[in-house]
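First up is the structure itself, then whatever we jot down about it.
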Amino acid sequence: MPELPEVETIRRGLEPLITRQFISDVEVRERRLRWPVTRNLAGLLRGQQILQLGRRAKYLLIKTSNGTLLVHLGMSGSLFYLSSVSKPTTHDHIDISFRGGSCLRFNDPRRFGSIHFTTQPKLHRLLTKLGPEPLGKDFSAEYLTHVSRSRRVAIKNHLMNGQIIAGLGNIYATEALFRAGIHPARPAGRISAARFSGLVQAIREVLNEAIRSGGTTLKDFVGGDGRPGFFQQSLNVYGRSGDPCFTCGVPIKRITQSQRSSYYCPRCQR
DNA sequence: CGAACGACCTGCAGGC
DNA sequence: TGCCTGCAGGTCGTTC
(Lines give C-alpha, C1' and ligand atoms only; values in the text may rest on other atoms or scores of the structure.)
Protein backbone atom coordinates (compact mmCIF):
# COMPACT_ATOMS: atom_id res chain seq x y z
CA MET A 1 0.00 0.00 0.00
CA PRO A 2 2.25 2.78 1.10
CA GLU A 3 5.35 4.26 -0.39
CA LEU A 4 7.38 7.07 1.10
CA PRO A 5 4.75 9.84 0.71
CA GLU A 6 2.04 7.68 2.24
CA VAL A 7 4.19 6.74 5.23
CA GLU A 8 5.16 10.39 5.65
CA THR A 9 1.47 11.33 5.50
CA ILE A 10 0.71 8.77 8.19
CA ARG A 11 3.59 10.06 10.30
CA ARG A 12 2.36 13.63 10.10
CA GLY A 13 -1.23 12.63 10.80
CA LEU A 14 -0.41 10.46 13.80
CA GLU A 15 2.19 12.75 15.34
CA PRO A 16 -0.20 15.14 17.10
CA LEU A 17 -2.47 12.28 18.10
CA ILE A 18 -0.06 9.93 19.83
CA THR A 19 3.06 11.80 20.93
CA ARG A 20 3.25 12.24 24.69
CA GLN A 21 0.74 9.42 25.22
CA PHE A 22 1.54 6.59 27.62
CA ILE A 23 1.10 3.01 26.49
CA SER A 24 -1.14 1.11 28.87
CA ASP A 25 -1.20 -2.22 27.05
CA VAL A 26 -0.49 -3.98 23.76
CA GLU A 27 -2.53 -6.80 22.30
CA VAL A 28 -1.07 -8.92 19.51
CA ARG A 29 -3.74 -11.13 17.96
CA GLU A 30 -1.64 -12.31 15.02
CA ARG A 31 2.11 -12.68 15.29
CA ARG A 32 2.70 -14.04 11.78
CA LEU A 33 3.63 -10.88 9.90
CA ARG A 34 6.57 -10.47 7.47
CA TRP A 35 8.71 -11.24 10.49
CA PRO A 36 7.25 -12.91 13.58
CA VAL A 37 6.22 -10.29 16.14
CA THR A 38 8.21 -10.71 19.36
CA ARG A 39 6.25 -12.52 22.05
CA ASN A 40 7.20 -9.85 24.53
CA LEU A 41 5.98 -6.77 22.66
CA ALA A 42 3.52 -5.87 25.40
CA GLY A 43 6.15 -6.28 28.09
CA LEU A 44 8.57 -4.06 26.19
CA LEU A 45 6.07 -1.26 25.54
CA ARG A 46 3.81 -1.19 28.58
CA GLY A 47 4.24 2.00 30.58
CA GLN A 48 6.38 3.71 27.92
CA GLN A 49 5.67 7.21 26.68
CA ILE A 50 5.68 8.03 22.96
CA LEU A 51 8.22 10.78 22.44
CA GLN A 52 8.55 11.30 18.71
CA LEU A 53 7.49 9.98 15.30
CA GLY A 54 10.11 9.61 12.58
CA ARG A 55 10.44 7.91 9.24
CA ARG A 56 13.23 6.10 7.41
CA ALA A 57 12.41 4.85 3.91
CA LYS A 58 8.97 3.24 4.35
CA TYR A 59 9.49 2.53 8.03
CA LEU A 60 7.59 4.54 10.60
CA LEU A 61 9.81 5.03 13.65
CA ILE A 62 7.89 5.44 16.87
CA LYS A 63 10.33 6.58 19.53
CA THR A 64 9.41 5.72 23.10
CA SER A 65 11.11 6.36 26.43
CA ASN A 66 13.15 3.19 26.21
CA GLY A 67 13.54 2.41 22.50
CA THR A 68 12.01 2.64 19.06
CA LEU A 69 9.17 0.77 17.40
CA LEU A 70 9.81 0.10 13.69
CA VAL A 71 6.56 -0.25 11.78
CA HIS A 72 6.43 -1.31 8.14
CA LEU A 73 3.07 -1.51 6.36
CA GLY A 74 4.10 -3.83 3.53
CA MET A 75 1.64 -3.82 0.63
CA SER A 76 -1.64 -3.73 2.49
CA GLY A 77 -0.99 -2.46 6.01
CA SER A 78 -2.69 0.47 7.67
CA LEU A 79 -2.70 2.21 11.03
CA PHE A 80 -5.80 3.64 12.62
CA TYR A 81 -6.03 5.90 15.61
CA LEU A 82 -9.15 5.12 17.59
CA SER A 83 -10.18 7.64 20.20
CA SER A 84 -12.19 4.88 21.84
CA VAL A 85 -11.48 1.23 21.18
CA SER A 86 -13.96 -0.61 19.00
CA LYS A 87 -14.24 -4.35 18.55
CA PRO A 88 -11.45 -5.64 16.29
CA THR A 89 -12.41 -7.00 12.88
CA THR A 90 -10.61 -9.11 10.27
CA HIS A 91 -6.88 -8.50 10.01
CA ASP A 92 -6.77 -6.13 12.99
CA HIS A 93 -3.56 -7.75 14.20
CA ILE A 94 -2.22 -5.39 16.86
CA ASP A 95 -3.68 -2.81 19.25
CA ILE A 96 -1.43 -0.41 21.13
CA SER A 97 -3.64 1.06 23.83
CA PHE A 98 -3.05 4.33 25.63
CA ARG A 99 -3.96 5.59 29.07
CA GLY A 100 -7.22 7.42 28.61
CA GLY A 101 -8.76 4.77 26.38
CA SER A 102 -7.54 5.57 22.86
CA CYS A 103 -5.55 3.14 20.75
CA LEU A 104 -3.37 2.70 17.67
CA ARG A 105 -4.53 -0.26 15.59
CA PHE A 106 -2.44 -2.10 13.01
CA ASN A 107 -4.39 -3.84 10.25
CA ASP A 108 -2.76 -5.79 7.42
CA PRO A 109 -4.66 -8.31 5.25
CA ARG A 110 -1.62 -9.65 3.40
CA ARG A 111 0.70 -9.61 6.44
CA PHE A 112 3.70 -8.32 4.50
CA GLY A 113 4.08 -5.62 7.13
CA SER A 114 6.20 -5.90 10.26
CA ILE A 115 6.73 -4.55 13.76
CA HIS A 116 10.02 -4.56 15.62
CA PHE A 117 11.14 -2.99 18.87
CA THR A 118 14.77 -1.96 19.21
CA THR A 119 16.87 0.10 21.56
CA GLN A 120 19.35 0.91 18.77
CA PRO A 121 17.43 1.73 15.58
CA LYS A 122 20.57 2.98 13.84
CA LEU A 123 22.06 -0.49 14.10
CA HIS A 124 18.95 -2.43 13.17
CA ARG A 125 19.57 -4.87 10.33
CA LEU A 126 16.51 -3.69 8.39
CA LEU A 127 17.76 -0.10 8.41
CA THR A 128 21.53 -0.26 8.13
CA LYS A 129 21.71 -1.17 4.45
CA LEU A 130 19.26 1.44 3.23
CA GLY A 131 20.40 4.02 0.71
CA PRO A 132 19.99 7.78 1.17
CA GLU A 133 16.62 9.44 1.67
CA PRO A 134 15.53 10.85 -1.70
CA LEU A 135 14.45 14.11 -0.05
CA GLY A 136 17.68 14.42 1.93
CA LYS A 137 20.92 16.14 0.97
CA ASP A 138 22.87 12.90 0.49
CA PHE A 139 20.78 12.13 -2.56
CA SER A 140 22.17 13.93 -5.59
CA ALA A 141 22.83 13.53 -9.29
CA GLU A 142 26.47 12.83 -8.50
CA TYR A 143 25.52 10.06 -6.09
CA LEU A 144 23.02 8.48 -8.47
CA THR A 145 25.46 8.66 -11.38
CA HIS A 146 28.15 7.08 -9.25
CA VAL A 147 26.07 4.14 -8.00
CA SER A 148 24.73 3.51 -11.51
CA ARG A 149 28.12 3.25 -13.17
CA SER A 150 28.38 0.07 -15.27
CA ARG A 151 25.10 -1.26 -13.86
CA ARG A 152 23.09 -3.18 -16.42
CA VAL A 153 19.91 -3.38 -14.37
CA ALA A 154 16.88 -1.49 -15.75
CA ILE A 155 16.66 1.98 -14.22
CA LYS A 156 13.15 1.27 -12.87
CA ASN A 157 14.43 -1.71 -10.87
CA HIS A 158 17.46 0.27 -9.81
CA LEU A 159 15.24 3.04 -8.39
CA MET A 160 13.20 0.49 -6.49
CA ASN A 161 16.28 -1.00 -4.86
CA GLY A 162 16.21 0.33 -1.31
CA GLN A 163 19.97 0.03 -1.01
CA ILE A 164 20.30 2.61 -3.80
CA ILE A 165 17.46 4.96 -2.78
CA ALA A 166 15.27 4.59 0.30
CA GLY A 167 11.51 4.53 0.03
CA LEU A 168 10.78 4.73 -3.70
CA GLY A 169 8.11 2.23 -4.70
CA ASN A 170 6.34 1.22 -7.87
CA ILE A 171 4.13 4.27 -8.31
CA TYR A 172 6.70 6.98 -7.70
CA ALA A 173 9.57 5.26 -9.52
CA THR A 174 7.24 4.96 -12.51
CA GLU A 175 6.05 8.55 -12.30
CA ALA A 176 9.52 10.01 -11.78
CA LEU A 177 10.79 8.24 -14.90
CA PHE A 178 7.95 9.73 -16.92
CA ARG A 179 8.75 13.21 -15.67
CA ALA A 180 12.42 12.71 -16.49
CA GLY A 181 11.63 11.29 -19.95
CA ILE A 182 13.55 8.08 -19.27
CA HIS A 183 12.40 4.66 -20.49
CA PRO A 184 11.95 2.35 -17.48
CA ALA A 185 13.89 -0.47 -19.13
CA ARG A 186 16.95 1.61 -19.95
CA PRO A 187 20.05 0.16 -18.30
CA ALA A 188 21.01 2.32 -15.31
CA GLY A 189 24.60 2.57 -16.47
CA ARG A 190 23.57 3.99 -19.84
CA ILE A 191 22.07 7.25 -18.62
CA SER A 192 24.01 10.50 -18.89
CA ALA A 193 24.90 12.64 -15.88
CA ALA A 194 22.68 15.39 -17.30
CA ARG A 195 19.68 13.06 -17.42
CA PHE A 196 20.42 11.81 -13.90
CA SER A 197 20.27 15.39 -12.80
CA GLY A 198 16.78 15.67 -14.27
CA LEU A 199 15.81 12.36 -12.72
CA VAL A 200 16.88 13.42 -9.23
CA GLN A 201 14.84 16.58 -9.63
CA ALA A 202 11.85 14.58 -10.89
CA ILE A 203 12.03 12.18 -7.94
CA ARG A 204 12.13 15.05 -5.45
CA GLU A 205 9.27 16.84 -7.17
CA VAL A 206 6.97 13.86 -7.43
CA LEU A 207 7.55 12.87 -3.78
CA ASN A 208 7.06 16.41 -2.50
CA GLU A 209 3.91 16.91 -4.54
CA ALA A 210 2.54 13.57 -3.33
CA ILE A 211 3.23 14.46 0.29
CA ARG A 212 1.51 17.80 -0.22
CA SER A 213 -1.49 15.89 -1.61
CA GLY A 214 -1.62 13.56 1.37
CA GLY A 215 -0.39 10.57 -0.66
CA THR A 216 -2.00 8.40 -3.32
CA THR A 217 -5.23 6.56 -2.58
CA LEU A 218 -5.69 3.83 -5.20
CA LYS A 219 -7.89 1.62 -3.12
CA ASP A 220 -8.25 2.43 0.53
CA PHE A 221 -5.20 4.31 1.78
CA VAL A 222 -5.89 6.81 4.54
CA GLY A 223 -3.36 8.91 6.41
CA GLY A 224 -2.88 9.02 10.17
CA ASP A 225 -5.84 11.36 10.48
CA GLY A 226 -8.11 8.99 8.57
CA ARG A 227 -8.31 11.07 5.40
CA PRO A 228 -7.52 9.65 1.93
CA GLY A 229 -4.86 11.18 -0.30
CA PHE A 230 -5.56 12.76 -3.65
CA PHE A 231 -2.29 12.45 -5.55
CA GLN A 232 -3.89 9.77 -7.76
CA GLN A 233 -5.35 12.72 -9.68
CA SER A 234 -1.83 13.76 -10.58
CA LEU A 235 -0.57 10.42 -11.88
CA ASN A 236 0.64 10.74 -15.46
CA VAL A 237 1.23 7.12 -16.40
CA TYR A 238 0.72 4.74 -13.45
CA GLY A 239 -2.30 2.54 -14.08
CA ARG A 240 -3.09 4.29 -17.38
CA SER A 241 -2.14 1.66 -19.97
CA GLY A 242 -3.93 2.27 -23.26
CA ASP A 243 -4.94 5.80 -22.27
CA PRO A 244 -3.43 8.75 -24.14
CA CYS A 245 -0.28 10.39 -22.80
CA PHE A 246 -1.18 13.80 -21.37
CA THR A 247 1.82 15.28 -23.17
CA CYS A 248 1.73 13.73 -26.65
CA GLY A 249 -1.46 11.69 -26.90
CA VAL A 250 0.26 8.37 -27.69
CA PRO A 251 -1.21 5.42 -25.74
CA ILE A 252 0.56 4.59 -22.48
CA LYS A 253 2.21 1.18 -22.43
CA ARG A 254 2.42 -1.37 -19.66
CA ILE A 255 5.34 -3.77 -19.30
CA THR A 256 6.37 -6.16 -16.56
CA GLN A 257 9.72 -5.67 -14.85
CA SER A 258 10.74 -7.96 -11.99
CA GLN A 259 7.15 -9.15 -11.71
CA ARG A 260 5.92 -5.56 -11.22
CA SER A 261 3.96 -3.42 -13.66
CA SER A 262 5.66 -0.44 -15.26
CA TYR A 263 3.87 2.18 -17.29
CA TYR A 264 5.45 4.60 -19.72
CA CYS A 265 4.88 6.74 -22.76
CA PRO A 266 6.73 5.19 -25.71
CA ARG A 267 7.15 8.59 -27.32
CA CYS A 268 8.11 10.75 -24.33
CA GLN A 269 10.38 8.23 -22.61
CA ARG A 270 13.60 6.96 -24.21
C1' DC B 1 30.16 -9.12 -6.91
C1' DG B 2 25.50 -8.04 -9.71
C1' DA B 3 21.20 -9.58 -11.33
C1' DA B 4 17.13 -12.53 -11.56
C1' DC B 5 13.71 -15.00 -9.16
C1' DG B 6 10.84 -17.33 -5.73
C1' DA B 7 8.78 -16.68 -1.48
C1' DC B 8 5.63 -14.75 1.79
C1' DC B 9 -0.12 -13.52 2.04
C1' DT B 10 -5.25 -12.05 1.14
C1' DG B 11 -8.65 -9.90 -1.69
C1' DC B 12 -10.69 -8.51 -5.71
C1' DA B 13 -12.06 -8.19 -10.63
C1' DG B 14 -12.91 -10.45 -14.74
C1' DG B 15 -13.68 -14.46 -17.83
C1' DC B 16 -16.12 -18.68 -18.50
C1' DT C 1 -23.42 -19.34 -8.45
C1' DG C 2 -18.65 -21.21 -8.51
C1' DC C 3 -13.98 -21.82 -10.19
C1' DC C 4 -9.96 -20.15 -12.29
C1' DT C 5 -6.45 -16.67 -13.45
C1' DG C 6 -4.05 -12.57 -12.87
C1' DC C 7 -3.20 -8.56 -10.47
C1' DA C 8 -2.19 -5.46 -6.29
C1' DG C 9 1.10 0.24 -3.03
C1' DG C 10 7.08 -4.53 -0.66
C1' DT C 11 11.37 -6.62 0.05
C1' DC C 12 14.11 -10.44 1.71
C1' DG C 13 16.90 -14.61 1.01
C1' DT C 14 18.53 -17.78 -2.44
C1' DT C 15 20.58 -18.98 -6.65
C1' DC C 16 23.07 -18.40 -10.84
Side-chain angles (χ1 to χ4, degrees), chain A residues 1-11 29-37 55-60 70-79 89-94 106-116 124-131 134 146-177 184-190 206-207 210-211 213-223 228-235 237-242 254-263:
Chain A
M1 176 195 265
E3 300 184 35
L4 187 155
E6 288 73 37
V7 178
E8 181 61 23
T9 298
I10 290 168
R11 189 194 71 74
R29 297 180 201 87
E30 176 58 83
R31 296 181 54 234
R32 297 172 304 163
L33 303 186
R34 176 70 164 86
W35 308 101
V37 178
R55 181 190 55 75
R56 176 77 172 104
K58 295 168 192 159
Y59 288 91
L60 183 67
L70 313 184
V71 181
H72 197 291
L73 298 172
M75 290 276 259
S76 59
S78 47
L79 288 169
T89 60
T90 329
H91 310 307
D92 282 343
H93 304 314
I94 300 174
F106 175 88
N107 176 291
D108 186 6
R110 293 176 74 179
R111 291 192 274 118
F112 289 171
S114 66
I115 297 221
H116 292 266
H124 196 279
R125 66 179 189 89
L126 295 175
L127 302 184
T128 50
K129 291 177 188 163
L130 289 171
H146 178 69
V147 296
S148 303
R149 197 160 294 158
S150 71
R151 293 294 193 100
R152 288 181 235 190
V153 66
I155 184 63
K156 161 84 174 341
N157 294 331
H158 200 49
L159 295 181
M160 289 183 65
N161 178 351
Q163 301 194 24
I164 301 296
I165 309 168
L168 264 200
N170 206 31
I171 295 178
Y172 300 107
T174 296
E175 290 294 316
L177 286 169
R186 174 170 285 272
R190 296 200 43 225
V206 75
L207 294 177
I211 291 169
S213 303
T216 297
T217 298
L218 290 182
K219 200 169 157 269
D220 51 13
F221 167 75
V222 288
F230 54 93
F231 191 72
Q232 61 277 13
Q233 297 167 4
S234 305
L235 299 176
V237 287
Y238 187 88
R240 298 193 61 245
S241 66
R254 188 186 84 88
I255 55 171
T256 300
Q257 297 182 278
S258 297
Q259 299 140 239
R260 309 297 299 277
S261 287
S262 297
Y263 304 85

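Quick note on labels: first sequence line is chain A, next is B, and so on, each numbered from 1.
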Atom CZ of Arg152(A) to atom C1' of dC16(C): distance rounded to whole Å? 14 Å
Donor-acceptor contact present, side-chain Glu6(A) to main-chain Gly215(A), <3.5 Å: no
Could you tell me how far apart Arg151(A) (CZ) and dA3(B) (P) are, to the nearest whole angstrom? 5 Å
Any donor-acceptor pair under 3.5 Å from Arg254(A) side chain to Tyr263(A) backbone: no
Per Arg110(A) side chain, nearest of listed nucleotides dT10(B), dC12(B), dC12(C): dT10(B)
Mind checking if Tyr59(A) touches a base, just sugar-phosphate, or nothing, with heavy atoms under 4.0 Å? sugar-phosphate
Closest-nucleotide 5' rank along DNA chain B - winner of His91(A) and Arg34(A): Arg34(A)
Select one nucleotide: of dC8(B), dC12(C), dG9(C), the one nearest the side-chain heavy atoms of Phe112(A). dC8(B)
Quote, to the nearest angstrom, the P distance that separates dG6(B) from dG6(C). 14 Å
Residue Thr90(A), side-chain heavy atoms: nucleotide from dG2(B), dG11(B), dA8(C) that is nearest: dG11(B)
Nucleotide of dG9(C), dG10(C), dC12(C) approaching Met160(A) most closely (side-chain heavy atoms): dG10(C)
Whole-Å distance separating the CG atom of Leu60(A) from the C1' atom of dG10(C): 16 Å
Would you kindly give the CD-to-C1' distance between Gln163(A) and dG10(C), to the nearest whole Å? 14 Å
DNA chain B: 5'-proximal contact among Arg32(A) and Lys219(A) (nearest heavy atom): Arg32(A)
Closer than 4.0 Å, any side-chain N/O of Ser261(A) to the OP1 or OP2 of dA8(C)? yes
Answer with yes or no whether Arg260(A) presents, from its side chain, a donor or acceptor under 3.5 Å of a partner atom in the base of dA8(C). no
What pair of heavy atoms forms the shortest contact from Ile211(A) to Glu8(A), and how long is it? CD1-CG, 3.9 Å
How many angstroms lie between atom CG of Leu127(A) and atom CG of Leu70(A), to the nearest 0.5 angstrom? 5.5 Å
When both hydrogen-bonding distances must be under 3.5 Å and the geometry is Watson-Crick or G-U wobble, what is dC9(B) paired with, if anything? none
Side-chain N or O of His72(A) versus OP1/OP2 of dT11(C): is the shortest distance under 4.0 Å? yes
First locate atom CZ of Phe221(A), then atom CD1 of Ile10(A), and finally report the distance between them rounded to the nearest 0.5 Å. 4.5 Å
Atom pair distance, as rounded to whole Å: CG in Asp108(A) and C1' in dG11(B): 12 Å
For Ser258(A), answer base if it contacts any base atom (sugar-phosphate contacts may also be present), sugar-phosphate if it contacts only those atoms, and nothing otherwise; contact means non-hydrogen atoms under 4.0 Å. nothing
Could you check how far NE2 of His158(A) sits from P of dA4(B), rounded to whole Å? 12 Å
Taking a pair to mean Watson-Crick or G-U wobble geometry with both distances below 3.5 Å, dC3(C) pairs with dG15(B)
Which one, dA3(B), dG6(B), dG9(C), comes nearest to the side chain of Gln259(A)? dG6(B)
Between the side-chain atoms of Arg111(A) and the base atoms of dC9(B), is any donor-acceptor pair under 3.5 Å? no
If you look at every strand shown and take non-hydrogen atoms under 4.0 Å, does Lys58(A) touch a base, only sugar-phosphate, or nothing? sugar-phosphate
If you measure from the P atom in dT1(C) to the same atom in dC12(B), how many Å do you get, rounded? 16 Å
With rounding to the nearest 0.5 angstrom, report the CG to OG distance, Asn170(A) to Ser258(A). 10.0 Å
